[in-house]
Amino acid sequence: MCCLVGIFLLIATKAFGADVAIGVFAYQGERAAASDWSPVIRYLNQALPEHHFRLDQYDAAGLRDAIATHRVDLVITNPGYYVSIEAELGISRIATLDADGTHPARALGSVVVVRANRPDIQVLADLAGKRVAAVAPDAFGGYLVAAREMLGQGVDPESDLKEIRFVGLPMNRIIEAVQAGEVDAGIVRACLPEQMASQGLIRLEDFRALSVQQDSGLQCSLSTRLYPNWPIAVTRHTDPGLAKAVARALLAMPESSGMSWAVPADYQPVHDLYRELRIGPYAYMREITPEGLARRFWPWLLGLLAILTAWIVHTVRIEHQVHRRTAELRDSLAARDKAEAKMRESQDQMEHLSRLSVLGELSGNLAHELNQPLTTIGTYARTVLRRQERGNLTPEAITEASTEIAREAERAAGIVQRIRHFARKRRATREPIDLAEIAKEARHLLVGMLARAPEIVIENHLTPKCTVLADSAQIQQVLLNLIKNAIDACRDLPMKRQNLRIVIEPMDNRVAVHVIDHGIGLDVNQLPHLFEPFFTTKPDGLGLGLPICMTIIEAHGGRLWAEPNKDAPGMHFSFTLPCHELSA
Ligand code: ADP
């Protein structure tokens, strides 16, 4: 049963012809469209009887939808709308309407009219700041064609007019609005005023057209250039055979049928208009202006601006903080330098005082030491005098006495020079030092100043690879202090126990110097206070020697400590200094 119905439909379609839907842009309403295009339908149904042509009217959105959903096979529309959807929906024109008395490619234009008694408005440029009536923002002949010309004369209809009033269709309303003085000018399709005049609706002399185009070929006033007439187009899905048959039939349509068609015109001028006005397919060009871009991308721009602002604020804050911290750092460095300088100064002062104190303590012995050469000198001098008085002064005796006097004088001068050298005020330095040499020098100085010096043995186990950078006078002072303390601790003991050992040896990456005595030592409860300032067990002691030694050694990056000898009486003082290996 189902198959039978299908076969019947197929035969019926062949016998009565398939339905061909012609979609028409009915901008003036359905009734107007039906009467406008009925000659075409009538003619096509006669010329191609195997098909059944029917007219479907649509508004702009409806026609777009009908094409997109394949509900129409042919499309008749105005040039503006055609250009708008040509590329988007893939329709292509097969013929252009050839209206009476016009060229198909130069058929449509607009006229902008004012009342004849408005001498202040002569050309389109005079419309700036005026009220203008038009059909609709997308009306081709009823607005866009004139808008392009106005723009060409420097008047942007969107922003430079006092008012643009869109009154819709029919266009007669616009002429009436101008006549009534409701607006200063009106945009209508060319020839409408003449038609209205011929119907007795207006008097042409009451109106004047602006920027009239001469030699347009039209029989009526024209304010704009001319554009091609309405096209008829096929869609992507139209059967090519049908498209060809319709095109051929339309081109052959006699004028007597009420309407005729010509080969498809060039619609480039319409494209140009849309591009200049940046509408339809060229609407995207509006977005390219700074305002358009801002309108379209404002959330992004806002975000970007926020990020940029945050970044700038962050950078400025960081910069500010860096400045502040740098200033703080500079100030604290300056303060530290100042404090260091002050500390160095007082340290120098303290060292000097300490040296003087060592000398003070040794001064009794020193007087004795100097006394010896002076006594010898005196004795020799007196012997010479005595012999001279007696008359037995021989040249040999003079030579012997002078030689002894000179040697003893040199010895005394040597003692004085060493003391002066030791006591002089000086600035700390850092230079390679020979610890064994310094120890010998200290021993020499002490032995020279003491009446009864103990034996001081120096053991040097240092490899030549290790070099110490230090202030030799300061290190000598440390050694002098330690040796003198050791001598003091042994003073009243038998001579055998008075001997001291100075051991110099490598210790990891450092050099260690040990001063070892077998003296009276210290109580365990005194040991923790050994390096405290003013700790002393001596009646004439100051208790500053060891604290100063500690300061000097620590300033050299070293360590000073003391411990009782493990299996013998006496103390073991040690200090270390960093070892610098010389590259060459
Ligand atoms: P002063 O020699 O003026 O007392 P120091 O700071 O040099 O000052 O010494 C502090 C104290 O440490 C000494 O009074 C002494 O009691 C003790 N001392 C230092 N070296 C030794 C040592 N080798 N043996 C025993 N006691 C020592």
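Every number for a ligand or one of its atoms is a count from 1 in the order of the listing. Note: hydrogens, waters and symmetry copies are ignored here, and every other heavy atom, side chains too, is used. Heads up: numbering here begins at 1 and tracks the sequence.
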Problem - Contact partition for T536 relative to ligand 1, non-hydrogen atoms under 4.0 Å - result: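 For T536, backbone and side-chain atoms both sit under 4.0 Å from ligand 1.
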Exercise for the section: Would you kindly specify which portion of L482 sits under 4.0 Å from ligand 1, judged on non-hydrogen atoms: side chain, backbone, both or neither? Expected result: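 It is neither; nothing of L482 touches ligand 1.
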Test your reading of the structure: does [X] have an N or O sitting under 3.5 Å from an N or O of ligand 1?
{"X": "M571", "answer": "no"}
{"X": "K484", "answer": "no"}
{"X": "F573", "answer": "no"}

Exercise for the section: Give a yes/no on ligand 1: does G519 have at least one heavy atom closer than 4.0 angstrom to it? Expected result: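 No.
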Residue [X] vicinity, atoms of ligand 1 by number, heavy atom under 4.0 Å:
{"X": "G521", "answer": "25 (C)"}
{"X": "D517", "answer": "22 (C), 23 (N)"}
{"X": "G541", "answer": "3 (O)"}

Take atom [atom1] of [X] as the centre, draw a 6.0 Å sphere, and report whether it contains more than 12 heavy atoms from other residues, nucleotides or ligands.
{"X": "W561", "atom1": "CH2", "answer": "yes"}
{"X": "H320", "atom1": "NE2", "answer": "no"}
{"X": "E505", "atom1": "CD", "answer": "yes"}

Practice task
For H514 and S574, test the side chains for any donor-to-acceptor distance below 3.5 angstrom and give the result as yes or no.
Solution key: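 On atom types as modelled, these side chains qualify, holding a pair under 3.5 Å.
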Problem - Intermediate values then yes/no, salt bridge (Lys or Arg N to Asp or Glu O under 4.0 Å), E389 and R386 - result: CA-CA 5 Å; E389 279 167 15; R386 225 175 12 252; over 6 Å; no
Exercise for the section: Give the C-alpha distance, both sets of side-chain angles, the deciding distance and a yes or no for side-chain contact (heavy atoms from CB on, under 4.5 Å) between I475 and I433. Expected result: CA-CA 9 Å; I475 302 301; I433 56 162; 4.1 Å; yes
Handout entry: Check: Q153 side chain, A125 main-chain N or O, donor-acceptor pair, under 3.5 Å
Key =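 Looks like yes, one N/O pair under 3.5 Å.
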